[in-house]
Amino acid sequence: DLSAVPRGSTLDPEKVKVEEEKEHSGDSDTLRHVKTNIIAGCCMSLGLRYAGSAEKGAVDLLVKHLEAFRAVKCRTKTDRQLIECCTCICALAASLVMAGTGDVP
């Protein structure tokens, strides 16, 4: 169960928005990159924690983040490589959770 992930945490995709491109200073770019990588890292840790379990809550959370990253990738011109990398990490994490289930939607 996902009781270890507190409700309203920064991993909740409804509360996390990967910022779109705007005029940013170097510091805000760095903070945006750090935040994006932290989200991807949290997704990967969930994937490893629930690997092979087919935990519905974990898969749903990972798929929501995957969709959020894909939506941002379509809207941004900068940071595409970062967003693509984070998208791949979320997809890998979701596949880890579903590994061995034979569930192919």
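Worth knowing before you read on, the calculation uses all heavy atoms, side chains too, and leaves out hydrogens, waters and symmetry mates.
Here the closest non-hydrogen pair linking Ile83 and Phe69 is CG2-O, 3.2 Å. Here the closest non-hydrogen pair linking Ala40 and Ile89 is O-CG2, 3.4 Å. The two atoms that bring Ala93 and Cys43 nearest to each other are CB-O, 3.3 Å, heavy atoms only. Residues Leu66 and Thr87 approach most closely at CD1-O, 3.3 Å, considering heavy atoms.
With hydrophobic clusters built from ILVMFWY side chains whose heavy atoms lie under 4.5 angstrom apart, Met44 does not share a cluster with Ile38. Under a hydrophobic clustering in which Ile, Leu, Val, Met, Phe, Trp and Tyr are joined whenever their side-chain heavy atoms come within less than 4.5 Å, directly or via other members, Val63 and Leu46 fall into the same cluster.
Rounding to the nearest 0.5 angstrom, the gap separating the CD atom in Glu55 from the CE atom in Met98 is 10.5 Å. Between the NZ atom in Lys35 and the OG1 atom in Thr30 there is a gap of 14.5 Å [rounded to 0.5 Å]. With values rounded to the nearest 0.5 angstrom, Cys86 atom SG is found 9.5 Å from His33 atom NE2.
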Run Asp60 and Lys56 through side chain to side chain contact (heavy atoms under 4.5 Å, CB included) and show every step you take.
CA-CA 6 Å; Asp60 290 345; Lys56 182 158 175 48; 3.4 Å; yes

Go through the steps for Tyr50 and Leu96 under the test side chain to side chain contact (heavy atoms under 4.5 Å, CB included), then give the verdict.
CA-CA 8 Å; Tyr50 294 102; Leu96 284 172; over 6 Å; no

Give the intermediate values and the outcome of side chain to side chain contact (heavy atoms under 4.5 Å, CB included) for residues Asn37 and Leu82.
CA-CA 8 Å; Asn37 282 309; Leu82 171 70; 3.5 Å; yes

Evaluation steps, side chain to side chain contact (heavy atoms under 4.5 Å, CB included), between Val97 and Ser53:
CA-CA 6 Å; Val97 176; Ser53 69; 4.2 Å; yes

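Contact check on Lys73 versus Asp79 returns no salt bridge, with no Lys/Arg side-chain nitrogen under 4.0 Å from an Asp/Glu carboxylate oxygen.
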